[in-house]
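Both backbone and side-chain heavy atoms feed into the values below; hydrogens, waters and symmetry mates do not.
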There are 2 protein chains.
Amino acid sequence: MSLSQIRYFVAVAEEGHVGRASRRLRVAQPAVSRQIRALEDELGGPLFERTPRGMALLPSGRVFLGHASAILAAVDRAVAATRAGREPPA
Amino acid sequence: MSLSQIRYFVAVAEEGHVGRASRRLRVAQPAVSRQIRALEDELGGPLFERTPRGMALLPSGRVFLGHASAILAAVDRAVAATRAGREPPA
DNA sequence: TGAGGTTACGCCTATCGTAATAATG
DNA sequence: CATTATTACGATAGGCGTAACCTCA
């Protein structure tokens with residue numbers, strides 16, 4: 001599992017669409033599709049249902065989405081706090 | 001920034017020693033040393049003080065350590081919760 | 001047959017390990 | 001000089017993009 005995979009997952013979950021997610025991420029479709037698949041493999045089963053309209057979150061996907069968003073937010077906080085601690089407020 | 005870098009950082013911070021951290025991580029020393037350096041570069045400055053005895057956390061390193069541990073814990077929770085949601089408790 | 005997702009394949013960058021090189025008490 | 005971290009360098013693996021393919025209404 002990588003932070004990229006988590007970011008790709010959140011984008012697909014929010015867009016409900018690999019194509020739109022890949023444009024938002026500025027990455028080609030197959031890259032997103034592959035990473036989602038790898039994530040699903042690692043988590044032991046599908047997170048999305050593939051429909052002719054796009055990707056619909058399954059229950060396990062909804063569970064993961066909450067955690068995934070929290071992880072990305074925690075990373076942002078970690079970076080901001082560490083940088084801020086180094087540059088004392090003027 | 002990657003989850004590996006965060007794991008390497010936590011190991012070095014806890015061991016105070018790249019060598020011990022690398023053994024604990026089952027990875028060669030230079031790999032750990034390089035990733036720590038890359039992390040420091042990304043965060044805009046050093047996280048450790050290099051001493052002849054090992055690596056001592058700087059204040060910004062202490063700040064980052066708290067966040068780093070939280071991120072790794074959140075990842076573990078994400079995996080566990082998603083897997084558990086798929087395999088209903090017997 | 002059109003919209004979407006996936007697989008195949010080749011390239012390219014990142015990461016690793018071994019070995020050599022500092023730096024420091 | 002012993003201990004620790006870092007740099008060099010060659011090899012390997014992972015990730016990406018283009019192009020081809022599959023699936024389903």
Would A:Glu14 and A:Arg24 pass as an ion pair if we require N to O under 4.0 Å? yes
As a test of reading the structure: which of [options] is closest to the side chain of [X], going by heavy atoms?
X       : options               : value
B:Arg50 : D:dT7, C:dT24, D:dA5  : D:dA5
A:Ala31 : D:dC16, D:dT6, C:dT6  : D:dC16
A:Met55 : C:dG5, C:dT24, D:dC24 : C:dG5
B:His17 : D:dC24, C:dT6, D:dT4  : D:dT4
B:Ala28 : C:dT18, C:dC16, D:dA5 : C:dT18
A:Pro30 : C:dT7, C:dG5, C:dC16  : C:dT7

What is the distance, to the nearest angstrom, from the [atom1] atom on [X] to the [atom2] atom on [N]?
X       : N      : atom1 : atom2 : value
A:Ile36 : C:dT7  : CD1   : P     : 13 Å
B:Leu25 : D:dA5  : CG    : C1'   : 16 Å
B:Glu42 : C:dA14 : CD    : P     : 13 Å
A:Arg23 : D:dG17 : CZ    : C1'   : 16 Å
B:Leu3  : C:dT15 : CG    : C1'   : 15 Å
A:Arg37 : C:dA8  : CZ    : C1'   : 15 Å
A:Glu49 : C:dT6  : CD    : P     : 13 Å
B:Arg53 : C:dA23 : CZ    : C1'   : 15 Å

Please evaluate residues A:Leu47 and A:Ile36 with respect to the criterion side chain to side chain contact (heavy atoms under 4.5 Å, CB included), reporting the C-alpha separation (whole Å), side-chain torsions for both, the decisive distance (0.1 Å), and the verdict. CA-CA 9 Å; A:Leu47 300 169; A:Ile36 296 295; 5.8 Å; no
Would you indicate, yes or no, if [N] has its OP1 or OP2 atom less than 4.0 angstrom from a side-chain nitrogen or oxygen of [X]?
X       : N      : value
B:Gln35 : C:dC16 : yes
B:Ser33 : D:dT6  : yes
A:Gln5  : D:dG15 : no
B:Tyr8  : C:dT15 : no

Here the gap from B:Arg23 atom CZ to B:His17 atom NE2, rounded to the nearest 0.5 Å, amounts to 6.5 Å
5' priority, DNA chain D, between A:Gln29 and A:Pro52 [closest heavy atom]: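 In this pair, the answer is A:Gln29.
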Start with the C-alpha distance between A:Arg50 and A:Met55, add both sets of side-chain angles, then the distance that settles side chain to side chain contact (heavy atoms under 4.5 Å, CB included), and finish with yes or no. CA-CA 5 Å; A:Arg50 275 71 172 169; A:Met55 308 278 274; 3.8 Å; yes
Should B:Tyr8 and B:Leu39 be marked as a side chain to side chain contact (heavy atoms under 4.5 Å, CB included) after you check the CA-CA gap, both sets of side-chain angles, and the distance that decides it? CA-CA 10 Å; B:Tyr8 288 12; B:Leu39 185 60; over 6 Å; no
Can you find an N or O donor on one side and an acceptor on the other, under 3.5 Å apart, linking the side chain of A:Arg34 with the base of D:dG14? no
